[in-house]
Amino acid sequence: MDLLDTLTAKGLRGEVPTREEALAVLATTDDELLDVVAAAGKVRRRWFGRRVKLNYLVNLKSGLCPEDCSYCSQRLGSKAEILKYTWLKPDQAADAARAGVAGGAKRVCLVASGRGPTDRDIDRVTDTMAAIKDADPEVEICVCLGLLSDNQAERLKAAGADAYNHNLNTSENTYGTITKTHTYADRVDTVQKAHGAGLSACSGLIAGMGETDEDLVDVVFALRELGSDSVPVNFLIPFEGTPLAKEWNLTPQRCLRILAMVRFVNPDTEVRIAGGREVHLRTMQPLGLHIANSIFLGDYLTSEGQAGQADLDMIKDAGFEVEGAGEATLPRHRADVAAAVAPGSGCGTAASACGSGGGCGPCGGHAHDTEAASAPAAAVEGTNDGLREDLVKVRRRGAGTELAPNA
Ligand code: SF4
């Protein structure tokens, strides 16, 4: 049985491939690409049908972060000309969330820049969640506030949060090359805190930061072991003014191979195409839907995505359908958010992981710090062929502005 038959058979049974098989997916050629997508698509349809879950980002607090994540436009010392503002008021955040839900989003992701929340910040987010759920009790809320201290996850859960996001971003081995102000272990700890409090875990990665194939496989297996219920796959958006501004290492083909590898290792987990979708997959985005079952609608934290209507048109044209509020995202044998929030139910033993370290997942910065110049260099195949600076647009609408959100 060849590689793809093996991966498909395992995925259909919900089994995880070997590390070598995952690496082999990343090493496939462009001639094999459609076969890889088709194999991953069979696994995707087995567990998620043709549904696409839409998530909507609300950046509660933008920029001015004291952390130094080198991929991030909000980092300490960033020269990126992004929107900078402090906490949105609950009604402002609720207005933005409402636009996303009206556009078809099932989940609202409340994100704030910073190392981690103070207890006062938890109060602010509690008020914001109440305002959102007052308007629409069915909407799922995922919170992403960075590193959590003791008891903060429990407070968020009690206040109505359904999930917590905290990304691992890259492998343990290379984490120190992208961030100096906190550690990989800090991130794992927060994911475990969130999961321990009964929050559904959302935790993913950023590709395109100069990592090796081994790094990608390491972090994806780590996410599986942590029990992440949803895995956002970010493709680095190289923002001018950040250390990784010149890192254009991804091609659409490479992105599809990465998505397929993530799917095979996480056959029954929500796999989300996150930041960088438009910049790096470009016209190949619809093929990504055959692998991933989730995307962000509209804009990202600090960059603009394609028009929300274009997202909806793409889903329809590709033969998929938007997942409704009443539909379960995860297969029955796994805890869905609705079940996970009920005491005593949920994924049980699996530790869910979440969070993009420090507050933000889909920020799309790039990954190499100045110090990170020593990071593995030969990982990526695209060199600068994928350079599309014209597609990197700083967000100028929606939350924190007077202009309507893109949803
Ligand atoms: S990822 Fe989060 S913690 Fe890191 S610099 Fe950006 S806002 Fe700060």
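All residue numbers refer to positions in the sequence shown, counting from 1. All figures in this text were calculated on a predicted structure; none of them were measured in a lab.
Scanning both residues, Phe296 and Asp311, for their nearest heavy atoms gives O-OD2, 3.8 Å. In plain terms, the two heavy atoms of Arg396 and Glu81 that are nearest each other are NH2-O, 2.6 Å.
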**Report entry** Full working for side-chain contact (heavy atoms from CB on, under 4.5 Å) between Leu57 and Asn59
**Finding:** CA-CA 6 Å; Leu57 286 159; Asn59 199 357; over 6 Å; no
Query raised in the report: Taking it one step at a time, do Asp268 and Arg13 satisfy salt bridge (Lys or Arg N to Asp or Glu O under 4.0 Å)?
Result: CA-CA 9 Å; Asp268 53 1; Arg13 294 194 298 266; over 6 Å; no
Query raised in the report: Tyr175 and Ile178: side-chain contact (heavy atoms from CB on, under 4.5 Å), yes or no, with the steps?
Result: CA-CA 6 Å; Tyr175 198 82; Ile178 64 163; 4.0 Å; yes
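With no hydrogens or angles considered, a side-chain donor-acceptor pair links Arg224 and Thr269 at under 3.5 Å. A donor-acceptor contact closer than 3.5 angstrom links the side chains of Asp121 and Thr118. When only modelled atom types and interatomic distance are considered, Ser171 and Thr174 share a side-chain donor-acceptor pair under 3.5 Å. Between Thr329 and Lys106, the side chains place a donor N or O and an acceptor N or O closer than 3.5 Å (distance only, hydrogens not considered). Checked by atom type, the side-chain pair Thr302/Ser73 shows a donor-acceptor distance below 3.5 Å. Side chains of Tyr300 and Glu278: a donor-acceptor N/O pair is present below 3.5 angstrom, by distance only. With 3.5 Å as the limit, one finds no donor-acceptor pair spanning the side chains of Asp215 and Thr170. Side chains of Glu21 and Thr6: no donor on one and acceptor on the other come within 3.5 Å. When only modelled atom types and interatomic distance are considered, Thr179 and Asp68 share no side-chain donor-acceptor pair under 3.5 Å. For the 3.5 Å distance criterion, the side chains of Asn293 and Glu270 fail to qualify, holding no donor opposite an acceptor. Counted by atom type alone, Gln306 and Gln285 present one or more donor-acceptor pairs between their side chains at under 3.5 Å.
Applying side chain to side chain contact (heavy atoms under 4.5 Å, CB included) to Arg272 and the options Asn234, Asn55, Leu54 leaves one that passes, Asn55. When each of Ile315, Leu297, Val52 is checked for a side chain to side chain contact (heavy atoms under 4.5 Å, CB included) with Val322, only Ile315 meets the rule.
The 12-atom threshold is exceeded at NZ of Lys10, counting heavy atoms of other residues, nucleotides or ligands nearer than 6.0 Å.
Taking 4.0 Å as the cut-off between side-chain N and carboxylate O, Lys393 and Glu304 do not count as a salt-bridged pair.
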